[in-house]
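Values below: every heavy atom of this structure, side chains too, minus hydrogens, waters and symmetry copies. These figures come from a predicted structure and were not determined experimentally. This chain uses plain numbering: 1 for the first residue, then up along the sequence.
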Amino acid sequence: MGQIPDRASRPTAFTRPTAFTRRAALTLGALAGVAAATGPVGVAEAAETAAPAETAAPAGTAAPAGPAAPAGRFPRPTGLDGRALLPGDRGYADATTTFNLSQTPHPGLVVVATTPADVQRAVRFAAEHRAPVAVLATGHQPSVPIGPDAVLVATRALRAVTIDARRRVARAEAGALWQDVLDRCGPAGLAPIVGSTPIVGVVGYTLGGGLSPTLGRKFGYAADHVRSIDLVGADGRSRTVTPNDDPELFFGLRGGKSNFGLVTAIEFDLFPVTSYYGGAIYFDGGDAARLLHAYRRWTRTVPDEMSSSVALIRMPDTAPRPLGGRLVAALRICYLGRPSAGAALVKPLRDVATPLIDGVAQQPYSAFPSIHADPVDPVAAYERTALLRELSAGAVDTLISLTGPAAPVPITLVEVRHLGGALGRQPEHPDAVSHRDAAFTLFLAGFGGTRGPSGLRRAEAEVIRRLAPWSTGGMYLNFMAEDDVSPAAVRQAYQPDVYRRLQRLKRRVDPTNMFRLNHNIPPAGPDS
């Protein structure tokens, strides 16, 4: 994927103390993602850590019934509107490319779907051959390896988006990106509950919860505002799932990701948001402890209209001055209210130290990617996460000792994000998104470097272990990656009663666990 065009109505320039445009922010994100301070992981290194040749079901999951087709020897299905690609075919490599290069899928068959009927045909084909099914839109979130015994459904061509401005509702097909939605709802003065970047897929983000750093504390999770879901189930049938049609399946899909079928379209609410007061303020890493201690006190006082996070970022030497080659502490802000009120709320944190760059101001909602400045090009990222019940003085001190300026760790990004507000409340139609009592997310990301992925993963695991005294014991599904795919880890994404409920639902709709190439929820046993 290339750089997303700047769709803001005007360049956003700031004067405190260094001019900082949205384009510069996106470039920063790309640099931080592609080249960590210790050096990037290239495609060659990523290939060494990619999926092994064979794919096994995660421990504790049900195997498909009956004999499976020999790995990598699927016949070529016919009757598709799109294409069927086998390993070695022209277009196979492009169809299996992921945004996160830490894993490379090697399916025995790729169905490049151009219609919902192609998705249905692919699932039926997989059922006939006793094969597991995986789905790929953008590939931001790796989980278990996808090997030659699997059928992969690529949904990128399904990009249609429609907007009903009067009802404040959008409908997006399975491969649509958030940018596709924003392009259509922005002119109507509406906004979706989008994440930190517009190049993530709508469906995967929403089914995993959808934690927005802009609208989340005000309106809740994206999953809370889904109205209907078009689904192809393990039986190969297409149906529209609503809270009235099948309340239990509607509950599980919103927060259960791809465990219960392949979604071909989703309908969800939009909100009358056209601007925000926010952006990012970058401080020197030496001020990180002072900022985080002020931040933990400050978050106890802010209204639901304020969403925020603090991130420690090890910038590459190639980053723009004055950030290049240093650890920075980034305060990320989105306030949905009057600019003067937002400025008053942010002032105590602005005054903590002298910023290197201050990019917080009133902005059009289309400028939201500059808040987090996420990578805009594919990169091999290794991620870990936890949920914190509090951000105490001890938690901050521990985090700084492990990842602050005196800690030579290979972790590129350490983020603490404030939850609460509407994120802590159940929606009108409850869903499987759990742990709403958590106060903060902890998210770690690294991009390899001189110590390699193994050293990076050990460093991330140590941070998670040392922060355990302040953890809820849970995790947020969309922040979980390939190191959190065990049955025990997936169970941590849900409250115990919710997890048991999802297992019973799985037994009803996918008893052979066809949809297991994900953060898998195995079917409940016969006595459950």
Side-chain angles (χ1 to χ4, degrees), residues 113-120 123 135 137-138 153 155-195 198-212 214-216 218-233 237-273 365 422 426-433 477-478 505 509 515:
T114 59
T115 62
D118 282 345
V119 178
Q120 188 174 19
V123 171
V135 63
T138 65
V153 182
T155 61
R156 293 168 181 166
L158 296 170
R159 295 278 292 271
V161 173
T162 57
I163 300 294
D164 186 332
R166 183 185 62 80
R167 295 171 57 228
R168 295 179 182 172
V169 171
R171 184 180 188 277
E173 287 190 328
L177 308 183
W178 279 117
Q179 190 65 59
D180 300 324
V181 179
L182 291 157
D183 288 345
R184 288 158 180 79
C185 69
L190 299 171
I193 299 184
V194 70
I199 60 175
V200 165
V202 172
V203 168
Y205 165 88
T206 303
L207 297 186
L211 172 56
S212 175
T214 55
L215 306 186
K218 175 65 175 175
F219 298 112
Y221 289 95
D224 298 345
H225 297 281
V226 172
R227 295 196 171 202
S228 68
I229 298 171
D230 291 352
L231 181 78
V232 177
R237 293 192 300 125
S238 294
R239 59 185 300 189
T240 298
V241 183
T242 69
N244 298 321
D245 164 74
D246 190 332
E248 197 66 8
L249 184 54
F250 191 66
F251 171 89
L253 285 168
R254 296 170 302 131
K257 209 85 174 189
S258 59
N259 271 282
F260 307 107
L262 298 193
V263 171
T264 57
I266 191 168
E267 187 178 72
F268 52 91
D269 294 325
L270 301 171
F271 298 88
V273 176
Y365 191 72
Q426 282 290 345
E428 177 184 358
H429 299 290
D431 52 43
V433 179
L477 182 61
N478 270 353
L505 174 63
V509 301
F515 303 112

Taking every non-hydrogen atom, the tightest pair across Gly209 and Asn478: N-ND2, 4.0 Å

Report yes if some heavy atom in the side chain of Ile193 is under 4.5 Å from a heavy atom in the side chain of Phe271; otherwise report no. yes

Validation row: Gln179, Ile199 side chains within 4.5 angstrom (heavy atoms): no

Under 3.5 Å, side chain of Arg168 to main-chain N/O of Ala191, donor-acceptor pair present? no

Under a 4.5 Å cut-off applied to non-hydrogen side-chain atoms, are Arg239 and Leu249 in contact? yes

Hey, are the side chains of Phe250 and Pro243 touching, using non-hydrogen atoms and a 4.5 Å cut-off? yes

Let me confirm one number: the CZ-CG distance from Arg254 to Asp224, rounded to the nearest 0.5 Å. 7.5 Å

Should Asp431 and His429 count as side-chain neighbours, where that means a heavy-atom distance under 4.5 Å? no

If you round to the nearest 0.5 Å, how far is NZ of Lys257 from OG1 of Thr206? 9.0 Å

Listed by chain and number, what are the salt bridge (Lys or Arg N to Asp or Glu O under 4.0 Å) partners of Arg171, not counting sequence neighbours? Asp230

For the student: nearest non-hydrogen atoms of Ala174 and Val203, plus distance: CA-CG2, 3.8 Å

Heavy-atom donor-acceptor pair, Lys218 side chain to Ala422 backbone, under 3.5 Å: no

Any Phe260 side-chain heavy atom under 4.5 Å of Leu505 side chain: yes

Minimal non-hydrogen separation, Pro192 against Val181, with atom names: CG-CG1, 4.1 Å

Can Trp178 and Tyr365 be said to form a ring pair (Phe, Tyr, Trp, His ring centres under 6.0 Å), step by step? CA-CA 13 Å; Trp178 279 117; Tyr365 191 72; over 10 Å; no

For the pair Leu177 and Thr138, evaluate side-chain contact (heavy atoms from CB on, under 4.5 Å) and give the outcome as yes or no after the intermediate values. CA-CA 8 Å; Leu177 308 183; Thr138 65; 3.3 Å; yes

side-chain contact (heavy atoms from CB on, under 4.5 Å) between Glu267 and Thr240: does it pass, once the steps are laid out? CA-CA 10 Å; Glu267 187 178 72; Thr240 298; over 6 Å; no

Are Leu207 and Ile266 packed together at the side-chain level, in the sense that at least one heavy-atom pair is separated by less than 4.5 angstrom? yes

Arg227 (side chain) donor-acceptor with Phe268 (main chain) under 3.5 angstrom: no

Straight-line distance of Asp269 CG to Arg167 CZ, nearest 0.5 Å: 9.0 Å

Distance-minimising heavy-atom pair for Glu173 and Arg159: OE1-N, 3.5 Å

Tell me if a side-chain donor or acceptor on Tyr221 pairs with a main-chain N or O of Val433 at a distance below 3.5 Å. no

Among Leu158, Asp118, Val232, Val119, side chain to side chain contact (heavy atoms under 4.5 Å, CB included) partner for Val153: Val119

Is there a side-chain contact (heavy atoms from CB on, under 4.5 Å) between Phe515 and Val135 once you walk through the steps? CA-CA 9 Å; Phe515 303 112; Val135 63; over 6 Å; no

With Gln426 via side chain to side chain donor-acceptor pair (under 3.5 Å) - residues at least two apart: none

So, taking the atom named OG in Ser258 and the one named CG in Leu253, what distance separates them when rounded to the nearest 0.5 Å? 10.0 Å

What closest approach, in Å, do Gly255 and Leu477 show between heavy atoms, and which atom pair accounts for it? O-CD2, 3.4 Å

Thr114 versus Ala157, closest heavy-atom pair with distance: CG2-CB, 4.1 Å

